[in-house]
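Single-structure report; data block below.
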2 protein chains.
Amino acid sequence: MRSIPRTESFPAHTPAVSQVFTIVLSHGPLTRLEVARRAGLSAAAVTKAVRPLMEAGYLAEGADEDAPPALGRPANLVRVDGGRALFIGVKVTGDEIIGVLTDLCCRIRVARHVPLTDHDPKAVLASIADLTQELRTEADDFGVQVLGLGLAVSGDVDRGEGVVRYSPFLEWRDVRLAELAAMTTGLPVTVDNDVRALTVAEQWFGTGAGLTDFAVVTVGAGIGCGLVVHGQVVAGAHGVAGEIGHVVVDPAGPRCHCGNRGCVEAIAGDAAILARVREVIGVQVADTAEALALAHRGDAGAREVYARAGDAIGRGIATVANLLGPERVIISGEGLAAYDLFAEQIRDSFAEAAFGSAARCDVLTRPLPFDEWARGAAATAIQSFIRSDT
Amino acid sequence: MRSIPRTESFPAHTPAVSQVFTIVLSHGPLTRLEVARRAGLSAAAVTKAVRPLMEAGYLAEGADEDAPPALGRPANLVRVDGGRALFIGVKVTGDEIIGVLTDLCCRIRVARHVPLTDHDPKAVLASIADLTQELRTEADDFGVQVLGLGLAVSGDVDRGEGVVRYSPFLEWRDVRLAELAAMTTGLPVTVDNDVRALTVAEQWFGTGAGLTDFAVVTVGAGIGCGLVVHGQVVAGAHGVAGEIGHVVVDPAGPRCHCGNRGCVEAIAGDAAILARVREVIGVQVADTAEALALAHRGDAGAREVYARAGDAIGRGIATVANLLGPERVIISGEGLAAYDLFAEQIRDSFAEAAFGSAARCDVLTRPLPFDEWARGAAATAIQSFIRSDT
DNA sequence: ATCCCTTCTTTTCCGTCGTCAATAAAAGAA
DNA sequence: TTCTTTTATTGACGACGGAAAAGAAGGGAT
């Protein structure tokens with residue numbers, strides 16, 4: 001990721017500084033002593049680590065808020081000054097580009113999306129550049145600089161090299177996206193797989209904060225999965241990991257575009273559900289929304305299809321739990337609109353197929369706003385920024 | 001693991017020392033410069049790290065052997081002096097206890113096994129103590145001290161606490177095995193799950209050396225799986241991980257003792273294969289060996305059963321590969337006696353069910369001598385010893 | 001033979017990081 | 001006011017690892 005651009009860089013002089021900042025970032029305002037405890041450092045080290053970060057404006061002394069009057073010297077909370085820096089996250093899908101402007105705490109300030117018609121890398125790059133420029137103009141209104149750009153693309157992405165190895169939706173192969181985007185925008189660019197980006201957001205700013213082992217499962221057009229093991233996002237030796245969508249749960253099931261039968265995605269993906277509803281009810285069902293409406297109206301056939309999808313997802317999650325024993329599984333994705341239809345079946349099938357203590361893993365759902373994917377991209381940019389000096 | 005015993009401890013004063021020793025341990029004799037390169041340290045740091053280890057006798061200057069006469073000062077190879085210390089590894093199964101005496105390089109010096117009749121913790125402990133004592137006597141013949149005892153037990157084991165949470169074969173629940181064994185033997189004791197122990201052996205002394213992401217799959221009475229992700233063995237948040245045996249590959253398959261249908265183990269476990277062969281051929285098939293012989297003799301029915309087992313294993317491995325994208329999968333276990341019957345089917349099914357680049361993962365087999373399980377236990381003891389001072 | 005060249009190893013010096021222990025600060029309680 | 005309690009800071013100190021230069025141990029060239 002030899003980023004040519006010369007922007008401000010993070011004063012992460014030492015490992016302790018990075019560690020302290022990361023802890024404050026993901027665990028809200030904390031006293032220095034508490035930070036020391038969590039980081040396994042001495043209080044002195046925290047004081048020393050905090051100073052340069054406060055001088056640079058990244059950390060601030062927090063308001064005591066509703067401090068229950070305790071004995072002894074009152075604690076001075078340390079928190080991240082979110083407004084200190086802005087980042088842009090962009091998610092590229094087959095038919096649109098979603099961009100968000102976030103602050104250092106990954107809170108969304110502005111969100112935009114533009115349709116995408118041409119999949120040629122040059123055209124996509126131009127769209128990204130336009131959207132980025134637009135968001136940077138917005139940033140100027142806050143009077144704060146944008147310090148990084150994150151791009152999330154589905155498919156096989158090498159984050160370290162900033163290369164999209166293969167993206168089926170865009171029909172890209174070996175596109176050096178980070179380099180190209182850095183050239184046109186002049187920003188440091190991070191490129192990552194979309195599900196992994198979402199997982200990073202969850203790990204640093206969401207429900208996965210503080211956990212060393214968890215999984216994020218996304219339900220929508222495809223079924224994806226991001227994994228965090230030993231506190232790090234799993235990328236796979238060949239750049240592919242978390243392909244829960246192509247775990248086979250029923251060898252007698254419907255054929256999947258990957259060539260196999262009964263993949264989770266071939267049963268619970270949007271297209272699969274729609275196809276199956278049509279098969280059961282008739283071709284007059286126009287789209288996913290209509291299928292959903294049918295099921296909500298109580299149509300037995302449609303409900304059955306959704307239940308089967310829930311079963312497949314539940315089994316898929318159980319497989320992840322059996323293999324990795326995560327602390328938590330976070331289910332998310334656009335498909336959650338139909339969550340009330342899946343929910344029970346997911347839980348039942350998970351409980352049934354999970355082995356022993358693996359079933360103790362806690363499964364929760366998080367609705368996914370449409371711009372959350374882009375926020376994930378921003379999270380990777382923030383991550384890269386913080387680590388840039390390491 | 002508050003180990004009461006007072007034995008010699010490893011001089012791992014600094015992280016660099018540990019790292020250097022680990023590298024030399026698993027990558028054979030190396031020049032100091034090569035070690036520096038692999039560890040990301042300076043040559044000076046390696047020299048400094050090596051000195052105390054050589055003074056303590058753990059490292060030695062290696063013979064140049066077949067040094068191809070190169071330019072410049074000839075290299076001084078550094079290697080681990082295996083004979084410097086001995087370790088004992090014990091694997092406890094339902095019906096016997098296998099013990100090995102290994103050196104610091106985890107090479108087996110002596111192997112013993114004794115039958116086990118009584119599953120009561122006290123009785124098992126007594127057997128372990130006897131076997132340990134016997135092996136320590138052997139160790140005296142070498143004039144070297146035994147510095148640690150590793151115990152491998154199947155089931156849910158908490159290595160950190162040294163507790164066997166639940167072992168189905170032994171019918172144990174929450175047995176504080178490390179503590180008990182330390183008391184009776186006076187040695188530092190490490191207790192771990194058997195498959196994880198085998199994985200540690202593979203990671204440090206076997207085909208997994210140097211890899212940061214790989215899986216070990218054991219085929220036998222049960223189907224197990226040890227995972228290494230980000231260079232660490234996966235233990236799971238609740239102590240359970242790698243349960244590939246209970247991944248469902250065919251919901252219409254035979255019922256498994258875990259309550260589900262079509263688990264890998266319910267199709268490819270020894271008992272499952274035997275049951276199925278009987279079903280196909282007749283009850284006169286006495287045991288696994290006979291089933292195997294039948295298949296080897298070319299009986300179509302038996303061969304079919306083995307092929308189906310291979311298919312289940314291949315699909316299971318593909319699931320692991322899809323989720324984690326390991327660099328390599330090592331197939332091992334007693335069941336490998338039948339490997340020629342599985343092999344093709346495993347590979348075919350794996351290739352078919354693996355998604356995208358996940359299929360690039362290299363699948364290899366390693367025959368598993370009967371005392372390899374105990375060697376795994378010894379490996380965990382060595383690991384604990386080396387980290388004891390960290 | 002002698003000198004040079006190459007490569008591996010060691011030494012010496014030095015900067016940095018984080019801990020320790022002592023001290024300061026900021027309250028409430030006596 | 002003074003004491004107690006808890007949090008934060010300071011400064012001395014020690015340890016670790018890097019940089020650079022010197023040393024060591026050959027082979028090859030003249």
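Note that the structure is predicted; figures quoted are calculated from it, not measured. Lettering follows sequence order; numbering is per chain, from 1.
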Requested in this report: Sequence neighbours left out, what passes side chain to side chain donor-acceptor pair (under 3.5 Å) with D81(B)? Give chain and number order.
Outcome: none
Report summary line: Across all chains, not counting sequence neighbours, the side chain to side chain donor-acceptor pair (under 3.5 Å) partners of D192(B) are R159(B), R196(B)
Requested in this report: Give the nucleotide from the list dT11(C), dG17(D), dT19(C) with an atom nearest to the side chain of S42(A).
Outcome: dT19(C)
Requested in this report: With sequence neighbours excluded, give me every salt bridge (Lys or Arg N to Asp or Glu O under 4.0 Å) pair touching residues 201-211 of chain B.
Outcome: E202(B)-R366(B)
Report summary line: So salt bridge (Lys or Arg N to Asp or Glu O under 4.0 Å) across residues 35-59 of chain A, not counting sequence neighbours, yields E34(A)-R37(A), E34(A)-R38(A)
Requested in this report: Start with the C-alpha distance between T207(B) and R328(B), add both sets of side-chain angles, then the distance that settles side-chain contact (heavy atoms from CB on, under 4.5 Å), and finish with yes or no.
Outcome: CA-CA 9 Å; T207(B) 332; R328(B) 174 175 291 176; 3.3 Å; yes
Report task. Taking the six-membered ring of Y58(A) (Phe, Tyr or Trp), confirm whether the NZ or CZ of R84(A) is under 6.0 Å from its centre and within 45° of its axis. Result -> yes
Query raised in the report: Does T14(B) have a side-chain nitrogen or oxygen under 4.0 Å from the phosphate oxygens OP1 or OP2 of dA15(D)?
Result: no
Query raised in the report: Looking only at side-chain N and O atoms, does T47(B) come under 4.0 Å of OP1 or OP2 in dT11(C)?
Result: no
Query raised in the report: When all nucleic acid strands are considered with a 4.0 Å heavy-atom cut-off, which category describes A16(A): base, sugar-phosphate, or nothing?
Result: sugar-phosphate
Query raised in the report: What nucleic acid atoms does A44(A) come within less than 4.0 Å of, heavy atoms only: base, sugar-phosphate, or nothing?
Result: base
**Report entry** Test ring pair (Phe, Tyr, Trp, His ring centres under 6.0 Å) applied to F21(A) - qualifying residues, sequence neighbours left out
**Finding:** F10(A)
Query - For R107(A), all residues meeting salt bridge (Lys or Arg N to Asp or Glu O under 4.0 Å), sequence neighbours excluded - result: D103(A)
Requested in this report: Kindly write out the residues that satisfy salt bridge (Lys or Arg N to Asp or Glu O under 4.0 Å) with R165(B), not counting sequence neighbours, or none if the list is empty.
Outcome: D158(B), D174(B)
Give every pair of a protein N or O atom and an N or O atom of nucleotides 2-7 of chain D that lie under 3.5 Å apart, one pair per line with the distance.
{"from": "dT6(D)", "atom 1": "O2", "to": "R73(A)", "atom 2": "N", "distance (Å)": "2.8"}
{"from": "dT7(D)", "atom 1": "O2", "to": "R73(A)", "atom 2": "NH1", "distance (Å)": "3.0"}

Atom-pair distance ([atom1] on [X]; [atom2] on [N]), nearest Å:
X	N	atom1	atom2	value
L41(A)	dT19(C)	CG	C1'	10 Å
E34(B)	dT7(C)	CD	C1'	14 Å
Q19(A)	dG18(C)	CD	P	9 Å

Query raised in the report: For A16(A), what residues pass the side chain to side chain contact (heavy atoms under 4.5 Å, CB included) criterion, not counting sequence neighbours?
Result: T14(A), L41(A)
Query - Counterpart residues, side chain to side chain contact (heavy atoms under 4.5 Å, CB included), relative to A85(B) (two or more places apart) - result: F87(B), L147(B)
Query raised in the report: In residues 48-56 of chain B, which residues come under 4.0 Å of DNA chain D by heavy atom?
Result: K48(B)
Query - Global bending angle along the helix from dA1(C)-dT30(D) to dA30(C)-dT1(D), which compares the axes of five pairs at either end, to 10 degrees - result: 20°
Report summary line: Assert: residue with more 5' nearest nucleotide on DNA chain C, out of E61(B) and A45(A), is E61(B)
